[in-house]
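Atom set for the values below is all heavy atoms of this structure, side chains included, hydrogens, waters and symmetry mates excluded. This structure is a prediction, so every number in the text was calculated from the model and none was measured.
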Amino acid sequence: MEKVYTIKEVREQVKAWKKEGLSVGLVPTMGYLHEGHASLIQKAVEQNDKVVVSVFLNPTQFGPTEDLEAYPRDFEADCKLCESIGAALVFHPEPSEMYASDFCTWVDMDVLSKTLCGKSRPIHFRGVCTVVSKLFNIVTPDRAYFGQKDAQQLAIIRRMVRDLNMDIEIVGCPIVREEDGLAKSSRNTYLNEEERKAALILSKSVALGKKMVADGETSATVVKEAMIKKIESEPMAKIDYVEAVDGLSMQPVEEIKAPALVAMAVYIGKTRLIDNFIVEE
Ligand code: PAF
């Protein structure tokens, strides 16, 4: 497996693969990889001749008071994981390689990015859309892989690809959970022992909402109220939002019917965690 640090090197390698008629999958990540990322890389390896994993802690998607500095990093462990699954190349640029000092061109989105996480993280999705567009332009993959845990991000990237006619198939992959139900996240490492136990309230609330919908409840108010009550039973939890939205537009709905997304962001101590379930046909 190759490790490269410059845009030029990625371009040369991908061009050589394409000359040979090989397909290319891209798994964009911010590093500190866990089993959730591993499942994306695995899927990409199954579906493509060559897989590129980008490891780039993108500064432009973090607000000024967010956890960019504290975000965990372990590039050597990331590379080992990528290699063990069969990735062909890891792209690990410096921020200065991705953003010139006078960088001023952004990819932004209305509507979908204004709800859920976009409400409390107003510049987040502009940073995500911009860096993902740049990665798409650099790697020119046939397919790109994103996790369902970041369901709003996945919906936004699908919309961006459609709206801007990017010739890339977006593959969404299911949430990977710890044995006790907590959704895998690099941010789980911020939790101390007590917080780690308290964090289970997210997946418990998701399980409750999911069961209510499976049992036929369609009122968003009824489902959200039950989920909120559950979360509030945990004293360490502070709700940012619990919302039911249309699965494509990310706008709040009163009736939960497919395609829909029921999503939450909850602080456990200082750590903001997200979880969700999707309602499909
Ligand atoms: O989901 C993430 O890790 C990031 O938002 C992404 C897609 C790699 C862009 O920086």
Side-chain angles (χ1 to χ4, degrees), residues 35-36 39-40 43 109-121 125 145-162 169-185 187-188 196-268 271-281:
E35 284 95 329
S39 75
L40 304 181
K43 187 90 184 162
M109 186 176 293
D110 292 335
V111 189
L112 283 78
S113 66
K114 305 299 176 208
T115 57
L116 307 177
C117 290
K119 267 193 181 168
S120 46
R121 305 188 72 191
F125 290 115
Y145 297 77
F146 297 88
Q148 185 64 47
K149 187 175 85 68
D150 295 299
Q152 185 177 18
Q153 169 173 281
L154 176 58
I156 284 174
I157 286 164
R158 284 193 197 284
R159 180 64 65 90
M160 178 182 83
V161 162
R162 190 206 73 179
E169 183 189 338
I170 301 301
V171 182
C173 300
I175 297 178
V176 178
R177 295 182 182 278
E178 303 282 356
E179 253 177 47
D180 60 7
L182 181 68
K184 299 254 184 196
S185 164
R187 289 191 169 97
N188 291 349
R196 172 65 183 76
K197 277 188 203 140
L200 280 183
I201 205 65
L202 279 90
S203 52
K204 284 184 184 159
S205 167
V206 161
L208 172 68
K210 204 171 174 178
K211 180 165 186 319
M212 289 174 78
V213 173
D215 288 348
E217 181 58 70
T218 59
S219 160
T221 307
V222 172
V223 173
K224 282 191 300 184
E225 274 177 9
M227 292 172 71
I228 288 169
K229 200 170 160 204
K230 182 93 190 159
I231 298 167
E232 286 177 344
S233 72
E234 169 49 63
M236 294 186 83
K238 191 170 152 278
I239 295 174
D240 178 2
Y241 68 79
V242 175
E243 194 55 273
V245 296
D246 173 79
L248 297 175
S249 70
M250 298 289 112
Q251 299 310 296
V253 290
E254 280 174 16
E255 189 191 358
I256 301 180
K257 62 172 198 292
L261 167 72
V262 181
M264 64 175 66
V266 175
Y267 285 92
I268 303 291
T271 307
R272 185 175 177 279
L273 299 174
I274 56 174
D275 204 340
N276 69 73
F277 67 96
I278 47 175
V279 181
E280 292 173 306
E281 289 299 347

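With Q152 contributing its side chain and L112 its backbone, the two residues share a donor-acceptor pair below 3.5 Å. E217 places no side-chain N or O within 3.5 Å of a backbone atom of V222 that could act as its donor or acceptor partner.
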**Study point:** From CA spacing to verdict: side-chain contact (heavy atoms from CB on, under 4.5 Å), L261, M250
**Key:** CA-CA 8 Å; L261 167 72; M250 298 289 112; 3.9 Å; yes
Practice item. Let me see the working for M264 and I201 under side-chain contact (heavy atoms from CB on, under 4.5 Å), right down to the final yes or no. Key: CA-CA 11 Å; M264 64 175 66; I201 205 65; over 6 Å; no
**Study point:** R196/E178 under side-chain contact (heavy atoms from CB on, under 4.5 Å): CA gap, chis, key distance, verdict
**Key:** CA-CA 11 Å; R196 172 65 183 76; E178 303 282 356; 3.7 Å; yes
**Study point:** Full working for side-chain contact (heavy atoms from CB on, under 4.5 Å) between T115 and Q251
**Key:** CA-CA 7 Å; T115 57; Q251 299 310 296; 3.7 Å; yes
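Residue G118 comes nearest to F125 through the heavy atom pair N-CE1, 3.7 Å, listed as atom of the first residue, atom of the second, then distance. Nearest heavy-atom pair across A226 and M212 is CB-SD, 3.5 Å. Shown here for S39 and V176, the closest heavy-atom pair between the two residues is OG-CG2, 3.6 Å.
Atom CD of residue Q153 and atom CG of residue L116 lie 13.0 Å apart, to the nearest 0.5 angstrom. Here CD1 of I228 is found 5.0 Å from CD1 of I239. Values are rounded to the nearest 0.5 Å. Atoms CD1 and CZ, on I170 and R158 in that order, are 7.5 Å from each other to the nearest 0.5 Å. One finds the CG atom of L208 at 6.5 Å from the NZ atom of K230 (value rounded to the nearest 0.5 Å). Within the model, atoms OG of S205 and CD1 of I231 stand 3.5 Å from one another, a figure rounded to the nearest 0.5 Å. One distance of note links CD1 of I175 with NZ of K184; it measures 13.0 Å at 0.5 Å rounding.
The neighbour count for K197 NZ, taken as heavy atoms of other residues, nucleotides or ligands under 6.0 Å away, does not exceed 12. Atom NZ of K224 has more than 12 neighbouring heavy atoms from other residues, nucleotides or ligands inside a 6.0 Å radius. Within 6.0 Å of the NZ atom in K238, the count of heavy atoms belonging to other residues, nucleotides or ligands does not exceed 12.
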I'd like a table of donor-acceptor pairs (distance under 3.5 Å, sequence neighbours excluded) in which one partner is a side-chain atom from residues 272-279, with atom names and distances.
residue, atom, partner, partner atom, Å
R272, NE, D240, OD2, 3.0
R272, NH2, S120, OG, 3.3
R272, NH2, D240, OD2, 3.0
D275, OD1, R177, NH2, 2.9
D275, OD2, R177, NH1, 2.9
N276, ND2, Q148, O, 3.1
N276, ND2, K149, O, 3.0

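Among residues two or more places apart in sequence or in another chain, the side chain to side chain contact (heavy atoms under 4.5 Å, CB included) test is passed with E225 by T221.
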